[in-house]
Amino acid sequence: MQKELIPDGVLIQLYQDGKESALETLINRHKSRIYTGIYMLVNDRYLSEDIFQETFIKIIHCLKRGRYSHEDKFGPWAMRIARNLSIDAIRSRERMPKIVDSEGKSVIDMLKIADGSPEDNIVDKEKNRYVRELIDQLPEEQKEVVVLRHYAGLSFKEIADITDTNLNTCIGRMHYAIINLKKMMNPVYVQIKKK
Amino acid sequence: MTNTITQEHILLYIYGEADSTLKKEIAVALQNNTELYLFYQDALEVKELMEQQEMLVPAVTSERIIMEESHDSYSETV
(Lines give C-alpha, C1' and ligand atoms only; values in the text may rest on other atoms or scores of the structure.)
Protein backbone atom coordinates (compact mmCIF):
# COMPACT_ATOMS: atom_id res chain seq x y z
CA MET A 1 0.00 0.00 0.00
CA GLN A 2 1.33 3.41 -0.93
CA LYS A 3 1.89 5.82 1.93
CA GLU A 4 0.11 9.12 1.42
CA LEU A 5 2.16 12.27 1.75
CA ILE A 6 1.03 14.94 4.15
CA PRO A 7 0.19 17.98 1.98
CA ASP A 8 2.55 20.95 2.24
CA GLY A 9 -0.29 23.15 3.51
CA VAL A 10 -0.87 20.79 6.46
CA LEU A 11 2.85 20.69 7.27
CA ILE A 12 2.94 24.48 7.28
CA GLN A 13 -0.04 24.63 9.61
CA LEU A 14 1.62 22.11 11.94
CA TYR A 15 4.82 24.14 11.92
CA GLN A 16 2.94 27.34 12.65
CA ASP A 17 1.30 25.52 15.56
CA GLY A 18 4.75 24.82 16.99
CA LYS A 19 5.60 21.38 15.60
CA GLU A 20 9.23 21.93 14.55
CA SER A 21 9.60 18.55 12.84
CA ALA A 22 7.04 19.61 10.23
CA LEU A 23 9.56 22.14 8.91
CA GLU A 24 12.20 19.44 8.63
CA THR A 25 9.83 17.33 6.54
CA LEU A 26 9.07 20.34 4.36
CA ILE A 27 12.77 21.14 3.85
CA ASN A 28 13.62 17.52 3.07
CA ARG A 29 10.78 17.35 0.58
CA HIS A 30 11.83 20.44 -1.37
CA LYS A 31 15.55 20.92 -0.69
CA SER A 32 16.88 19.03 -3.67
CA ARG A 33 14.86 20.83 -6.34
CA ILE A 34 15.32 24.26 -4.76
CA TYR A 35 19.05 23.81 -4.27
CA THR A 36 19.53 22.40 -7.77
CA GLY A 37 17.54 25.31 -9.22
CA ILE A 38 19.73 27.81 -7.37
CA TYR A 39 22.93 25.99 -8.30
CA MET A 40 22.02 25.91 -11.98
CA LEU A 41 21.22 29.63 -11.93
CA VAL A 42 24.31 30.89 -10.08
CA ASN A 43 26.80 28.14 -10.96
CA ASP A 44 28.67 28.31 -7.67
CA ARG A 45 28.39 25.66 -4.99
CA TYR A 46 29.20 27.86 -2.00
CA LEU A 47 27.07 30.76 -3.15
CA SER A 48 24.24 28.28 -3.77
CA GLU A 49 24.47 27.04 -0.17
CA ASP A 50 24.28 30.64 1.06
CA ILE A 51 21.26 31.43 -1.11
CA PHE A 52 19.62 28.16 -0.10
CA GLN A 53 19.97 29.07 3.57
CA GLU A 54 18.79 32.61 2.98
CA THR A 55 15.77 31.29 1.09
CA PHE A 56 14.69 29.06 3.95
CA ILE A 57 15.38 31.72 6.56
CA LYS A 58 13.04 34.03 4.63
CA ILE A 59 10.50 31.23 4.38
CA ILE A 60 10.70 30.55 8.12
CA HIS A 61 10.20 34.22 8.94
CA CYS A 62 7.19 34.41 6.62
CA LEU A 63 5.67 31.27 8.12
CA LYS A 64 6.25 32.42 11.68
CA ARG A 65 4.61 35.75 11.01
CA GLY A 66 1.63 34.01 9.42
CA ARG A 67 2.32 35.64 6.06
CA TYR A 68 2.01 32.45 4.01
CA SER A 69 -1.18 32.24 1.99
CA HIS A 70 -0.35 29.89 -0.88
CA GLU A 71 -1.86 26.69 0.60
CA ASP A 72 -0.27 23.76 -1.24
CA LYS A 73 1.73 25.89 -3.67
CA PHE A 74 4.70 25.90 -1.33
CA GLY A 75 7.22 24.64 -3.93
CA PRO A 76 6.64 27.39 -6.52
CA TRP A 77 6.45 30.03 -3.78
CA ALA A 78 9.75 28.88 -2.27
CA MET A 79 11.33 28.74 -5.73
CA ARG A 80 10.19 32.30 -6.44
CA ILE A 81 12.08 33.44 -3.31
CA ALA A 82 15.13 31.38 -4.31
CA ARG A 83 15.01 32.72 -7.86
CA ASN A 84 14.82 36.36 -6.71
CA LEU A 85 17.72 35.87 -4.29
CA SER A 86 19.73 34.16 -7.05
CA ILE A 87 19.15 37.07 -9.42
CA ASP A 88 20.25 39.53 -6.69
CA ALA A 89 23.37 37.43 -6.07
CA ILE A 90 24.22 37.26 -9.78
CA ARG A 91 23.85 41.04 -10.06
CA SER A 92 26.07 41.77 -7.07
CA ARG A 93 28.63 39.25 -8.32
CA GLU A 94 28.71 41.05 -11.66
CA ARG A 95 29.46 44.31 -9.84
CA MET A 96 32.42 42.74 -8.00
CA PRO A 97 35.83 43.33 -9.62
CA LYS A 98 37.18 40.10 -11.11
CA ILE A 99 40.72 39.16 -10.11
CA VAL A 100 42.57 37.74 -13.10
CA ASP A 101 46.07 36.37 -13.58
CA SER A 102 48.54 37.58 -16.22
CA GLU A 103 46.79 35.49 -18.89
CA GLY A 104 43.40 36.95 -18.05
CA LYS A 105 42.08 33.79 -16.34
CA SER A 106 39.88 34.27 -13.28
CA VAL A 107 41.73 33.38 -10.06
CA ILE A 108 38.45 32.21 -8.54
CA ASP A 109 37.91 29.80 -11.44
CA MET A 110 41.42 28.43 -10.95
CA LEU A 111 40.69 27.88 -7.26
CA LYS A 112 37.50 26.05 -8.16
CA ILE A 113 39.44 23.65 -10.37
CA ALA A 114 41.88 22.93 -7.53
CA ASP A 115 39.01 22.49 -5.09
CA GLY A 116 37.67 19.22 -6.51
CA SER A 117 37.87 16.13 -4.32
CA PRO A 118 40.16 13.36 -5.63
CA GLU A 119 37.36 10.80 -5.90
CA ASP A 120 35.44 12.99 -8.36
CA ASN A 121 34.99 11.21 -11.61
CA ILE A 122 36.76 12.99 -14.46
CA VAL A 123 34.21 11.91 -17.06
CA ASP A 124 31.36 13.21 -14.92
CA LYS A 125 33.16 16.49 -14.45
CA GLU A 126 33.67 16.86 -18.17
CA LYS A 127 30.03 16.11 -18.89
CA ASN A 128 28.97 18.44 -16.12
CA ARG A 129 31.05 21.24 -17.55
CA TYR A 130 29.81 20.58 -21.07
CA VAL A 131 26.12 20.84 -20.11
CA ARG A 132 26.84 23.78 -17.85
CA GLU A 133 28.52 25.63 -20.71
CA LEU A 134 25.61 24.92 -23.03
CA ILE A 135 23.10 26.29 -20.54
CA ASP A 136 25.24 29.33 -19.74
CA GLN A 137 25.38 30.27 -23.43
CA LEU A 138 21.61 30.64 -23.61
CA PRO A 139 20.05 34.10 -23.34
CA GLU A 140 19.09 34.75 -19.68
CA GLU A 141 15.34 34.38 -20.20
CA GLN A 142 15.74 31.04 -21.97
CA LYS A 143 18.24 29.81 -19.40
CA GLU A 144 15.84 30.66 -16.60
CA VAL A 145 12.99 28.64 -18.13
CA VAL A 146 15.29 25.65 -18.73
CA VAL A 147 16.58 25.73 -15.15
CA LEU A 148 13.18 26.22 -13.53
CA ARG A 149 11.53 23.52 -15.66
CA HIS A 150 14.30 20.92 -15.59
CA TYR A 151 15.95 21.41 -12.25
CA ALA A 152 13.40 23.14 -10.04
CA GLY A 153 10.64 20.92 -11.40
CA LEU A 154 8.12 23.71 -11.94
CA SER A 155 5.40 23.49 -14.57
CA PHE A 156 5.36 26.01 -17.41
CA LYS A 157 2.35 27.67 -15.78
CA GLU A 158 4.21 28.00 -12.47
CA ILE A 159 7.26 29.41 -14.25
CA ALA A 160 5.03 31.94 -16.01
CA ASP A 161 3.66 33.01 -12.59
CA ILE A 162 7.12 33.26 -11.01
CA THR A 163 8.62 35.23 -13.88
CA ASP A 164 5.55 37.46 -14.36
CA THR A 165 5.03 36.33 -17.95
CA ASN A 166 2.33 34.19 -19.55
CA LEU A 167 2.22 30.55 -20.53
CA ASN A 168 2.79 31.19 -24.25
CA THR A 169 5.86 33.35 -23.61
CA CYS A 170 7.23 30.76 -21.26
CA ILE A 171 6.79 27.85 -23.67
CA GLY A 172 8.11 30.04 -26.50
CA ARG A 173 11.31 30.65 -24.54
CA MET A 174 11.68 26.93 -23.91
CA HIS A 175 11.12 26.30 -27.59
CA TYR A 176 13.96 28.64 -28.58
CA ALA A 177 16.13 27.22 -25.81
CA ILE A 178 15.72 23.71 -27.24
CA ILE A 179 16.56 24.92 -30.74
CA ASN A 180 19.64 26.76 -29.45
CA LEU A 181 20.82 23.88 -27.27
CA LYS A 182 20.40 21.41 -30.08
CA LYS A 183 22.38 23.70 -32.37
CA MET A 184 25.16 23.98 -29.77
CA MET A 185 25.20 20.19 -29.31
CA ASN A 186 25.85 19.75 -33.03
CA PRO A 187 29.50 18.60 -33.49
CA VAL A 188 29.95 20.93 -36.49
CA TYR A 189 28.94 23.90 -34.36
CA VAL A 190 31.32 22.79 -31.60
CA GLN A 191 34.20 22.59 -34.11
CA ILE A 192 33.44 26.10 -35.43
CA LYS A 193 33.34 27.48 -31.86
CA LYS A 194 36.75 25.97 -31.11
CA LYS A 195 38.41 27.71 -34.09
CA MET B 1 -12.32 20.92 -31.89
CA THR B 2 -8.90 19.77 -33.03
CA ASN B 3 -5.75 21.83 -32.51
CA THR B 4 -3.15 22.46 -35.16
CA ILE B 5 -0.24 20.80 -33.42
CA THR B 6 2.81 23.03 -33.05
CA GLN B 7 6.30 22.53 -31.63
CA GLU B 8 5.11 24.25 -28.44
CA HIS B 9 2.45 21.55 -28.06
CA ILE B 10 5.20 18.96 -28.44
CA LEU B 11 7.01 20.56 -25.50
CA LEU B 12 3.90 20.31 -23.33
CA TYR B 13 3.71 16.64 -24.30
CA ILE B 14 7.36 15.89 -23.56
CA TYR B 15 7.19 17.60 -20.19
CA GLY B 16 3.99 15.81 -19.20
CA GLU B 17 1.74 18.85 -19.31
CA ALA B 18 -0.52 17.93 -22.23
CA ASP B 19 -4.06 16.76 -21.49
CA SER B 20 -5.31 13.44 -22.85
CA THR B 21 -7.09 14.96 -25.89
CA LEU B 22 -3.97 16.87 -26.88
CA LYS B 23 -1.84 13.77 -26.39
CA LYS B 24 -3.92 11.83 -28.93
CA GLU B 25 -3.69 14.66 -31.45
CA ILE B 26 0.06 14.89 -30.92
CA ALA B 27 0.48 11.16 -31.45
CA VAL B 28 -1.29 11.43 -34.82
CA ALA B 29 0.65 14.58 -35.78
CA LEU B 30 3.98 12.93 -34.99
CA GLN B 31 3.19 10.09 -37.38
CA ASN B 32 2.27 12.43 -40.21
CA ASN B 33 4.55 15.41 -39.86
CA THR B 34 8.29 14.85 -40.29
CA GLU B 35 9.27 18.32 -39.14
CA LEU B 36 7.37 17.90 -35.89
CA TYR B 37 8.84 14.46 -35.41
CA LEU B 38 12.38 15.80 -35.85
CA PHE B 39 11.72 18.54 -33.32
CA TYR B 40 10.31 15.91 -30.95
CA GLN B 41 13.54 13.91 -31.27
CA ASP B 42 15.68 17.01 -30.69
CA ALA B 43 13.69 18.07 -27.63
CA LEU B 44 13.93 14.57 -26.17
CA GLU B 45 17.68 14.53 -26.73
CA VAL B 46 18.07 17.88 -24.96
CA LYS B 47 15.84 16.72 -22.10
CA GLU B 48 17.91 13.57 -21.62
CA LEU B 49 21.12 15.58 -21.51
CA MET B 50 19.66 17.96 -18.94
CA GLU B 51 18.54 15.04 -16.80
CA GLN B 52 22.08 13.66 -16.78
CA GLN B 53 23.29 17.02 -15.52
CA GLU B 54 20.77 16.88 -12.67
CA MET B 55 22.49 13.79 -11.33
CA LEU B 56 25.81 15.63 -11.27
CA VAL B 57 24.69 18.62 -9.20
CA PRO B 58 26.24 18.43 -5.71
CA ALA B 59 23.88 17.73 -2.82
CA VAL B 60 22.91 20.52 -0.46
CA THR B 61 24.60 20.29 2.93
CA SER B 62 23.30 23.25 4.88
CA GLU B 63 19.79 22.17 5.88
CA ARG B 64 20.99 21.47 9.47
CA ILE B 65 21.93 25.14 9.83
CA ILE B 66 18.45 26.15 8.76
CA MET B 67 16.86 23.84 11.31
CA GLU B 68 19.08 25.31 14.03
CA GLU B 69 18.18 28.83 12.94
CA SER B 70 14.52 27.91 12.95
CA HIS B 71 14.78 26.43 16.41
CA ASP B 72 16.57 29.51 17.76
CA SER B 73 13.99 31.88 16.32
CA TYR B 74 11.20 29.63 17.63
CA SER B 75 12.70 29.81 21.14
CA GLU B 76 12.69 33.58 20.86
CA THR B 77 9.02 33.71 19.97
CA VAL B 78 7.66 31.53 22.81
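Residue numbers start from 1 in every chain, and the chains themselves are labelled A, B, ... in the order their sequence lines are given, proteins ahead of strands.
In this structure, no portion of A:I38 lies under 4.5 Å from any heavy atom of chain B. With a threshold of 4.5 angstrom between heavy atoms, A:I27 approaches chain B through side-chain atoms but not through N, CA, C or O. For B:E8, the parts sitting under 4.5 Å from any heavy atom of chain A are the backbone and the side chain alike. There is no contact between A:I34 and chain B, counting heavy-atom distances below 4.5 Å.
For residues 29-38 of chain B, the side chain to side chain donor-acceptor pair (under 3.5 Å) pairs, not counting sequence neighbours, are B:Y37-B:Q41.
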Please assess A:R132 against A:Y39 for the test side chain to side chain contact (heavy atoms under 4.5 Å, CB included), listing each intermediate value before the final yes or no. CA-CA 11 Å; A:R132 183 82 248 182; A:Y39 178 79; 4.3 Å; yes
Run the numbers on A:F156 and A:V145 for side chain to side chain contact (heavy atoms under 4.5 Å, CB included), then give the verdict. CA-CA 8 Å; A:F156 290 120; A:V145 177; 4.3 Å; yes
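The local environment of NZ in A:K73 is sparse, with at most 12 non-hydrogen atoms from other residues, nucleotides or ligands closer than 6.0 Å.
Look at A:E54 and A:K58 and you find no salt bridge, because none of the NZ, NE, NH1 or NH2 atoms lies under 4.0 Å from a carboxylate O.
B:H9 pairs by the side chain to side chain donor-acceptor pair (under 3.5 Å) definition with B:T6, not counting sequence neighbours. For A:T169, the side chain to side chain donor-acceptor pair (under 3.5 Å) partners at least two apart in sequence or on another chain are A:N166.
By the 30° and 60° cut-offs, the orientation of the rings of A:H175 relative to B:F39 is perpendicular.
Residues from residues 75-89 of chain A never place a non-hydrogen atom less than 4.5 Å from a non-hydrogen atom of chain B.
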